Amino acid sequence: MNLSNLVRQHWAALRALLALTAILGIAYPVFIWLVAQLPGLNDKANGSLVEVDGKLLGSSLIGQSFTDADGTALPQYFQSRASAAGDGYDPMATSASNLGPESIVDTPVGGADNPTEAKPSLLTLVCERSATVGKTEGVDGTRPFCTGGGAGAVLSVIGPRDAQGNVVKPTRVVSVNEPCATTQTPFLDTYEGVRVECATDEDYSIGQLVPIRGRAPADPVVPADAVTASGSGLDPHISIPYADLQVSRVATARGVSPEQVREVLAAHTDGRFLGFVGEPTVNVLQLNLDLDQKYPAKS
């Protein structure tokens with residue numbers, strides 16, 4: 001290939017690069033941005049931002065917490081779902097806990113996965129949240145497989161095993177999620193005739209893990225979305241059952257009737273997607289802002 005052909009090919013490639021850059025890198029993005037600014041589209045394109053009296057208060061697409069500095073629920077506000085995104089609802093750290101159904105044993109301080117800080121299992125997180133919501137809303141916060149103190153009700157049963165790996169004669173039983181530093185009386189006194197111990201810093205992985213269902217109702221009062229975080233950690237919605245659970249508390253804090261709060265709640269309830277996909281939900285930020293406008297909290 002001679003020099004002139006090489007120059008022609010490179011010049012053609014450069015012209016194609018410049019043309020495609022102008023069309024796809026500049027003109028097309030500008031066109032899409034202009035379309036997105038049309039009335040009816042600009043709100044969503046700009047992040048569905050929520051402003052009151054010119055003050056930016058958040059986005060209807062991103063959840064936020066309504067708690068005090070200690071993390072305690074503010075009684076005049078509906079509470080959002082839990083969040084595992086950074087310190088909570090952080091768009092720059094959107095994530096889930098990555099804990100699954102098999103996460104039932106807490107990792108204690110000094111554990112291999114977390115040598116400096118205790119790490120609760122998914123089961124204990126659910127139990128803790130359920131107990132907290134129950135106390136906040138004045139309802140029964142008990143759940144199956146949870147202790148009364150809000151920990152996962154899981155035993156490590158130690159003893160000889162059969163061919164299937166099941167312990168046939170327990171010699172020692174430990175409540176693995178109840179450390180002796182916090183309790184001296186585990187949730188269960190005995191298991192198959194053996195006294196149940198609280199957990200120390202020993203390794204109980206030699207035992208067979210046995211979750212204990214307990215006497216909690218099969219259908220807990222506290223709904224699932226009140227005790228679990230969303231996959232993104234940014235979910236701005238809660239379920240209707242969770243919202244209903246909070247009506248009495250919010251009404252009392254604002255000095256109005258539950259019926260008045262329910263009217264505002266109904267106005268901020270989104271139906272099923274396409275009329276049949278999913279369940280109705282409530283946008284917590286928009287609901288709380290509307291309540292602040294109509295029924296300010298009592299001082």
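Sequence positions, counted from 1, serve as the residue numbers for this chain. Just so we're clear, the structure is a prediction, and the values are computed from it rather than from any experiment.
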*Asks:* Can you sort out the partners of Y77 under ring-ring contact (aromatic ring centres under 6.0 Å, His included), two or more places apart, ordered by chain and number?
*Replies:* F66
*Asks:* Look at the side-chain heavy atoms of Ile, Leu, Val, Met, Phe, Trp and Tyr, link any pair under 4.5 Å apart, and say whether V222 and I240 land in one connected group.
*Replies:*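 Yes, one cluster joins them.
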*Asks:* For V154, run the side chain to side chain contact (heavy atoms under 4.5 Å, CB included) check against I212, V210, L123, T147 and tell me which one passes.
*Replies:*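 Of all the options given, the one that passes is L123.
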*Asks:* According to the disulfide (SG to SG under 2.5 Å) rule, which pairs have a member within residues 119-153, sequence neighbours left out?
*Replies:* C127-C146
*Asks:* Does the side chain of T72 come under 3.5 Å of the side chain of D70 through a donor N or O and an acceptor N or O?
*Replies:*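 Per modelled atom types, T72 and D70 side chains form no pair under 3.5 Å.
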*Asks:* Between F145 and L209, is there a shared hydrophobic cluster once you connect ILVMFWY residues whose side-chain heavy atoms come closer than 4.5 Å?
*Replies:*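 Yes, one cluster joins them.
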*Asks:* I'd like to check L6 versus W11 (side-chain heavy atoms, cut-off strictly below 4.5 Å). Are they in contact?
*Replies:* no
*Asks:* Hydrophobic clusters here meaning ILVMFWY residues chained together by side-chain heavy-atom distances under 4.5 Å, can you tell me if L265 and V133 are in one?
*Replies:*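 As far as the 4.5 Å side-chain criterion goes, V133 and L265 are connected within one cluster.
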*Asks:* Salt bridge or not for E202 and R172, using N-O below 4.0 Å?
*Replies:*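 Salt bridge flag = yes for R172 with E202.
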*Asks:* Less than 4.5 Å apart, any side-chain heavy atom of V247 and any of R262?
*Replies:*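 Touching, per the 4.5 Å side-chain cut-off.
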*Asks:* Could you list who else is in L20's hydrophobic cluster, with ILVMFWY side chains joined at under 4.5 Å, directly or through other members?
*Replies:* I23, L24
*Asks:* Mind checking whether V264 and V250 sit in one hydrophobic cluster, side chains of I, L, V, M, F, W, Y counted as touching below 4.5 Å?
*Replies:*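 Yes; tracing contacts between hydrophobic side chains, which count when under 4.5 Å, links both residues.
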*Asks:* Do D219 and R143 sit within salt-bridge range, that is, some charged N less than 4.0 Å from a carboxylate O?
*Replies:* no
*Asks:* NZ of K119 to CG of D106: how many Å apart, nearest 0.5 Å?
*Replies:* 11.0 Å
*Asks:* Would you mind writing out the side-chain donor-acceptor pairs for residues 97-104 within the sub-3.5 Å range, not counting sequence neighbours?
*Replies:*
| residue | atom | partner | partner atom | Å |
| --- | --- | --- | --- | --- |
| S97 | OG | L99 | N | 3.3 |
| S103 | OG | L122 | N | 3.0 |

*Asks:* So which atom in Q208 and which in V167 form the shortest heavy-atom distance, rounded to 0.1 Å?
*Replies:*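 Of all heavy-atom pairs spanning Q208 and V167, the closest is OE1-N, 2.8 Å.
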*Asks:* Going by side-chain heavy atoms closer than 4.5 Å, which hydrophobic residues are tied to V168, directly or by a chain of links?
*Replies:*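 Joined to V168, directly or through intermediates: none.
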*Asks:* What are the two closest non-hydrogen atoms of T228 and R129, and how far apart are they?
*Replies:*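 Taking every non-hydrogen atom into account, CA-NH1, 3.7 Å.
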*Asks:* Among residues at least two apart in sequence or on other chains, which ones pass side chain to side chain donor-acceptor pair (under 3.5 Å) with D203?
*Replies:*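 Side chain to side chain donor-acceptor pair (under 3.5 Å) list for D203, sorted by chain: S205.
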*Asks:* Cluster question for you: counting only ILVMFWY and a side-chain heavy-atom cut-off of under 4.5 Å, with indirect links fine, are L74 and F78 together?
*Replies:*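 Result: yes, single cluster for both.
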